[in-house]
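The structure appears below as structure tokens.
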Amino acid sequence: NCFCRKPKTGLLDKFWADSPYAKDNCVFVGDQSSDLQCARNTGIKFILKKDYYNYDLQDQSEIMINELTELKEIINWIQYKMSMEESDEF
């Protein structure tokens, strides 16, 4: 029942309290429903690492990868999309 166990957000809240990283610049990569719920609970983007046991999560995930090696490309895409959204605000 620890506040640090997913999908509770205690561990991530502590990270952001002790870290210079802004929450809106973070993504959560996971393969479990508790990972998805934790990302939702914290309000950060979720990237699903697809696998045979999580087909039920695939329709709930905006961004999905097959291999962790795809993360660099996905993060570059997210950064580009965010920069476009910021430029639309002006």
Item to check | Rounded distance [0.5 Å steps], NZ in Lys6 versus SG in Cys38 | outcome: 7.5 Å
Using residues 55-65 as the side-chain source, report each donor-acceptor pair under 3.5 Å to any protein atom, sequence neighbours left out, with the distance given to one decimal.
from: Gln60; atom 1: NE2; to: Asp56; atom 2: O; distance (Å): 3.2
from: Ser61; atom 1: OG; to: Leu57; atom 2: O; distance (Å): 3.0
from: Glu62; atom 1: OE2; to: Lys81; atom 2: NZ; distance (Å): 3.4

Checklist outcome for this item: residues 3-33 vs disulfide bond (SG atoms under 2.5 Å apart), sequence neighbours excluded, gives Cys2-Cys4
Next on the checklist: If I take atom OG1 from residue Thr69 and atom CD1 from residue Ile74, how far apart are they, to the nearest 0.5 angstrom?
Outcome noted: 10.5 Å
Checklist outcome for this item: Rounded to the nearest 0.5 Å, the CG atom of Asn41 sits from the CG atom of Leu12 at a distance of 10.0 Å
Next on the checklist: Working to the nearest 0.5 angstrom, can you tell me the gap between Asn76 CG and Leu71 CG?
Outcome noted: 10.5 Å
Checklist outcome for this item: Correct closest heavy-atom pair for Asp35 and Phe28 would be CB-CE2, 3.4 Å
Checklist entry - Transitively linked via ILVMFWY side-chain contacts under 4.5 Å: Tyr53 with Ile47? => result no
Checklist entry - Does Lys14 NZ have over 12 foreign heavy atoms under 6.0 Å away? => result no
Checklist entry - Backbone N or O of Asp31 within a donor-acceptor pair of the Asn54 side chain at under 3.5 Å? => result yes
Next on the checklist: Measuring from atom CG of Leu11 to atom CZ of Phe3, what distance do you get when rounded to the nearest 0.5 angstrom?
Outcome noted: 7.5 Å
Item to check | Between NZ on residue Lys45 and CD1 on residue Ile75, distance to nearest 0.5 Å | outcome: 12.5 Å
Checklist entry - Would you say the side chain of Thr42 lies within less than 4.5 Å of the side chain of Trp16, judging by non-hydrogen atoms? => result yes
Checklist entry - For Tyr80, does the OH atom have more than 12 heavy-atom neighbours from other residues, nucleotides or ligands under 6.0 Å away? => result no
Checklist entry - Side chains of Asn1 and Lys8: do they bring a donor and an acceptor to under 3.5 Å? => result yes
